Number of protein chains: 2
Amino acid sequence: MEKNRALDTLSALAHDIRLDVFRCLVQAGPEGMAAGEIAQALQIRPNTLSNNLTLLSHAGLVRSTREGRSIRYFAEMATMTALLGFLLRDCCGGRAELCQPILDQIACEC
Amino acid sequence: MEKNRALDTLSALAHDIRLDVFRCLVQAGPEGMAAGEIAQALQIRPNTLSNNLTLLSHAGLVRSTREGRSIRYFAEMATMTALLGFLLRDCCGGRAELCQPILDQIACEC
DNA sequence: TCCATATTTCATGTTTAATGGAAATAAAAT
DNA sequence: ATTTTATTTCCATTAAACATGAAATATGGA
């Protein structure tokens, strides 16, 4: 990931509602959620949610498909992992013994 | 990490100059860099850098110690890993087979 | 003590982003 | 065809963040 895309991604996540929406979709997993379901779960007005979903989408953090009159959204984990890779790049200047303890702490809590 | 601290951390990083500064310090490693060295390396005015360092510091992403008339800054990797843990929390709803491919892609490039 | 260097703080004008109401589009049901 | 439901777009107002010049603080040297 290049810097400008990393900035877009970070800006998209650095927002109260959008962080909630993204994490909601992360937890929903591959089934995703319809916009209306998200709005109800998080108590957000539909236009506010729509604006924020558009922003998340431009940042590549979510993707969507129409399903009848609903639109279903999914978290795009590949973008998240690309961001994490960017943030950790050159984290130890080639000294793996400095880097490994950091990586060890990143663990999926499932 | 709780949500509000995650938001602070993301907001701190979601800024052109601050992302550069943080990554500069990440790459500098445990030796850190004096404020003036950072300013020179990235061509930033001293007061602008100072404001942004203060913000990074409040977000817990850097720490500093005075050294003569300079002040030396260091990246705080523990905060970064805490953020990554927060972003990945419940990423697979307990289904490790969904989660593992994501974790496999996060690798230190050293 | 007085000066030079390193960094921070303050005040301010400008830009940028967020909010929410109202209207518009899109699909399905009657 | 008309209505209902789901979602988006448009727009105006409000609020927040940013960069910058100038002054202040802190340390070390002459």
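A, B, ... follow the sequence lines: proteins, then strands. Residue 1 opens every chain. Because the structure is predicted, anything quoted here is derived from the model rather than measured.
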### Task
Let me know the distance between CG of B:Leu53 and P of C:dT8, rounded to the nearest Å.
6 Å
### Message
Expressed as a whole number of angstroms, how long is the span from B:Ile44:CD1 to D:dT20:P?
### Response
11 Å
### Task
Using a 4.0 Å heavy-atom cut-off across all strands, classify B:Ser50 as base, sugar-phosphate, or nothing.
base
Residues 68-75 of chain A, side-chain donor-acceptor partners within the protein, below 3.5 Å, at least two apart:
residue, atom, partner, partner atom, Å
A:Arg72, NE, A:Glu67, OE1, 3.1
A:Arg72, NH1, A:Glu31, O, 2.9
A:Arg72, NH1, A:Gly32, O, 3.2

#### Entry: Expected output: side-chain A:Thr54 to main-chain A:Ser50 donor-acceptor under 3.5 Å
yes
### Summary
Separation of D:dC18 atom C1' from A:Leu7 atom CG, nearest Å, is 15 Å
### Task
On DNA chain C, check which nucleotide each of B:Ser70 and B:Thr54 is closest to and give me the residue with the more 5' one.
B:Ser70
### Query
Over how many whole Å does the gap from B:Gln40 atom CD to C:dT7 atom C1' extend?
15 Å
### Query
Looking at residues at least two apart in the chain, or sitting in another chain, which of them share a side-chain contact (heavy atoms from CB on, under 4.5 Å) with B:Gln27?
A:Asp90, B:Arg23
### Summary
Counting primed atoms, P, OP1 and OP2 as sugar-phosphate and everything else as base, the B/S/- map of nucleotides 17-30 of chain C against protein heavy atoms under 4.0 Å is -SSBBB----BBS-
### Task
Find the distance A:Leu49:CG to D:dT8:P and express it as a whole number of Å.
7 Å
Which pairs would a plain distance check flag for residues 8-19 of chain A, meaning a side-chain donor or acceptor within less than 3.5 Å of a matching protein atom at least two apart in sequence or in another chain?
residue, atom, partner, partner atom, Å
A:Thr9, OG1, A:Arg5, O, 2.8
A:Ser11, OG, A:Leu7, O, 2.9
A:His15, ND1, A:Ile17, N, 3.2
A:His15, ND1, A:Arg18, N, 3.3
A:Asp16, OD1, B:Lys3, NZ, 2.6
A:Arg18, NE, A:Ala12, O, 2.7
A:Arg18, NH1, A:Asn52, OD1, 2.9
A:Arg18, NH2, A:Ser11, O, 3.3

### Message
Just to verify, what does B:Arg45 make a salt bridge (Lys or Arg N to Asp or Glu O under 4.0 Å) with, not counting sequence neighbours?
### Response
none
#### Entry: Between C:dA6 (C1') and B:Tyr73 (OH): distance, integer Å
11 Å
### Task
Using side-chain contact (heavy atoms from CB on, under 4.5 Å) as the criterion, list what pairs up with B:Ala28, not counting sequence neighbours.
B:Met33
